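In this text, all values refer to a predicted model and were calculated from it rather than measured experimentally. All chains are named by letter (A, B, ...) in the order of the sequence lines, taking the proteins before the strands, and each is independently numbered beginning at 1.
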There are 2 protein chains.
Amino acid sequence: MLHTHMQSCRFAFAVHVMAVLANEDRCASSASLAETVNTNPVVIRRLLIDLQNAGLIRTSRGPQGGAVLAKPAKSISLWQIHSAVESREMFGQHPNPPSQDCPVGQGIAKVLGYVERRANRSFSRELQMISLADVVRRLHRA
Amino acid sequence: MLHTHMQSCRFAFAVHVMAVLANEDRCASSASLAETVNTNPVVIRRLLIDLQNAGLIRTSRGPQGGAVLAKPAKSISLWQIHSAVESREMFGQHPNPPSQDCPVGQGIAKVLGYVERRANRSFSRELQMISLADVVRRLHRA
DNA sequence: TGATTTGTAATTGATACGATTACATATTCC
DNA sequence: GGAATATGTAATCGTATCAATTACAAATCA
C-alpha cells in the first residue's frame, strides 16, 4: 500500500471519525469506522483511545459495542480534537545544542520558545472557533 | 551523533542564521554559521539557498564571500523566513482516499481543506507580526 | 458458552530529514 | 594565470516517524 503522508494524518482521521459519530445515534465499531476512513481498524482503535481519554467519546466492548460521542457536537471544538490526538510542537528545535560562544546561540532557544507559544496560541484560538457541529453542517451543505 | 528531532528544524536554524546575519556587517560564511548553529556547513548552505530565493539574503562566492541580509531586519518577518524554508502543510491529509459510499467520506477532504486554510491564515498572521528585529531585540535583552 | 468488540504489543515498510563526503563552480587576491 | 576560499549540489547514511498489519488478551452480551 502506497504511503503519501508527509506528516501525521491523525487529526484528519479523528475529525472524520468524529463527524461520522455525530451523524450516528448508535455505537459505531472500529471496523465500520475503518472502512469509511479507509484504513486499518487498529489505527482507528488507537485514535479512539486518545479521544476517549480527552473525554470526547465513550467506547464499549462486546456485541453492539463501539464508540459514541460523549457530548453534543456543538460543544466539541476542533482544538479539543487536535490536542487529543496530535502531540507535536508547531516547529522543531535545534537537534544539537547551539554554540554557547555565540550570543545568538546562547539566547535563541528562549526566543524560539516565545515564538512557539505565540504561534500555538493563535493556532489554537482559530481551531477553538470551529465546532464539530460546524464540520457536520458543512458536510451536509455539499 | 544523536538525533532528537521530531520534525523539521529548518525554521529554527533559519531564524538563528538570520539573527546572526542581522548582528553582522560583513559576509558570514556557511562554515562560521554552521559552527554557531552546531550543524554541518552543507545544511546551512541548503538553507541559505532557500533564504536567497525568497529575497531575504544575498550570497557571494570566493574569499570574503558568504551571506548578508538583503534588507533591514526591521522589514523581515518570521513568516517570510518560515515560508522560505518550511514547505509542509499544517496537518496531514488522508493517505488513502476515504470511502465514497459514506457521505462523510465524500465531503471530508473539502472541509479539512477549509480548516487548513483558516488555521494557516491565523498562524501566518501571527508570525507576520514578529520581525527579525524583534528577535534580535529579545536576544540582546537576555 | 460463543460471538463480538475493544485494548495492546510487536513488526513491517515507506518516508522524512539532518549529517556527511565529495566535487564542480565561481570569485578574490597575489 | 594560479592558489586559496567560498558557494552550489549530488549522493549516501543512519535514525525517527508513522500508518499498516498480525496476533492475541480482555471484556461484554445473548
Side-chain angles (χ1 to χ4, degrees), chain A residues 1-14 16-17 21 26-35 37-53 57-68 70 85-89 91-98, chain B residues 1-14 16-17 21 24 26-35 37-53 57-68 85-89 91-98:
Chain A
M1 202 170 252
L2 197 101
H3 293 200
T4 59
H5 57 261
M6 20 197 66
Q7 71 224 259
S8 170
C9 58
R10 285 171 61 85
F11 177 63
F13 282 2
H16 187 150
V17 162
L21 295 184
R26 287 182 303 173
C27 274
S29 72
S30 64
S32 68
L33 291 168
E35 203 169 349
V37 173
N38 193 8
T39 184
N40 191 286
V42 175
V43 172
I44 298 295
R45 289 206 281 271
R46 281 192 284 242
L47 215 51
L48 294 180
I49 290 171
D50 288 340
L51 292 168
Q52 189 168 29
N53 287 338
I57 66 169
R58 272 191 308 269
T59 64
S60 53
R61 298 183 180 199
Q64 269 76 25
V68 283
V85 303
E86 204 80 58
S87 57
R88 297 195 319 183
E89 303 280 313
F91 26 76
Q93 314 280 319
H94 289 56
N96 309 305
Chain B
M1 200 170 251
L2 198 101
H3 293 200
T4 60
H5 56 262
M6 19 197 67
Q7 70 223 262
S8 170
C9 58
R10 285 171 61 84
F11 177 62
F13 281 2
H16 187 151
V17 162
L21 295 184
E24 203 78 35
R26 286 181 303 173
C27 274
S29 72
S30 65
S32 68
L33 292 168
E35 203 168 350
V37 172
N38 193 8
T39 184
N40 193 286
V42 174
V43 172
I44 298 295
R45 289 205 280 271
R46 283 193 282 243
L47 215 51
L48 295 181
I49 290 171
D50 288 341
L51 293 169
Q52 189 169 28
N53 287 337
I57 65 168
R58 273 192 307 270
T59 64
S60 53
R61 298 183 179 199
Q64 269 77 22
V68 284
V85 304
E86 204 79 58
S87 58
R88 298 194 319 182
E89 304 279 313
F91 25 75
Q93 314 281 317
H94 289 56
N96 309 305

For [X] and [N], is the shortest distance between a side-chain N/O and OP1 or OP2 below 4.0 Å?
X     : N      : result
A:T59 : C:dT6  : no
B:Q52 : D:dG8  : yes
B:S8  : C:dG18 : yes
A:N40 : D:dA19 : no

Check your understanding: Counting side-chain heavy atoms from CB outward, which of C:dA22, D:dA19, C:dT25 is closest to B:V42?
Key -> C:dA22

Study note, to complete from the structure: Side-chain contact check for B:R88: nearest option of D:dA19, D:dA6, C:dA16 is C:dA16

**Study point:** Flag if over 12 foreign heavy atoms under 6.0 Å of CD, A:E86
**Key:**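 More than 12 heavy atoms, drawn from other residues, nucleotides or ligands, come within 6.0 Å of this atom.
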
Measure the shortest side-chain to side-chain distance between [X] and [Y] over non-hydrogen atoms and say whether it is less than 4.5 angstrom.
X     : Y     : answer
B:D50 : B:R46 : no
A:V37 : B:H94 : yes
B:F13 : A:P95 : yes

Practice item. Find which nucleotide of DNA chain C each of A:P63 and A:I49 is nearest to by heavy atoms, and output the residue with the more 5' nucleotide. Key: A:P63

Review point. When you match B:E86 and B:S60 each to their closest nucleotide on DNA chain C, which lands nearer the 5' end?
Key: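 It is B:E86, whose closest nucleotide lies nearer the 5' terminus.
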
Review point. Do A:R10 and D:dA19 share a donor-acceptor pair, side chain to base, under 3.5 Å?
Key: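 Donor-acceptor pair under 3.5 Å: no.
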
Check your understanding: Which sits closer to the 5' end of DNA chain D, A:R46 or B:L48, going by the nucleotide each is nearest to?
Key ->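 The 5'-side residue here is B:L48.
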
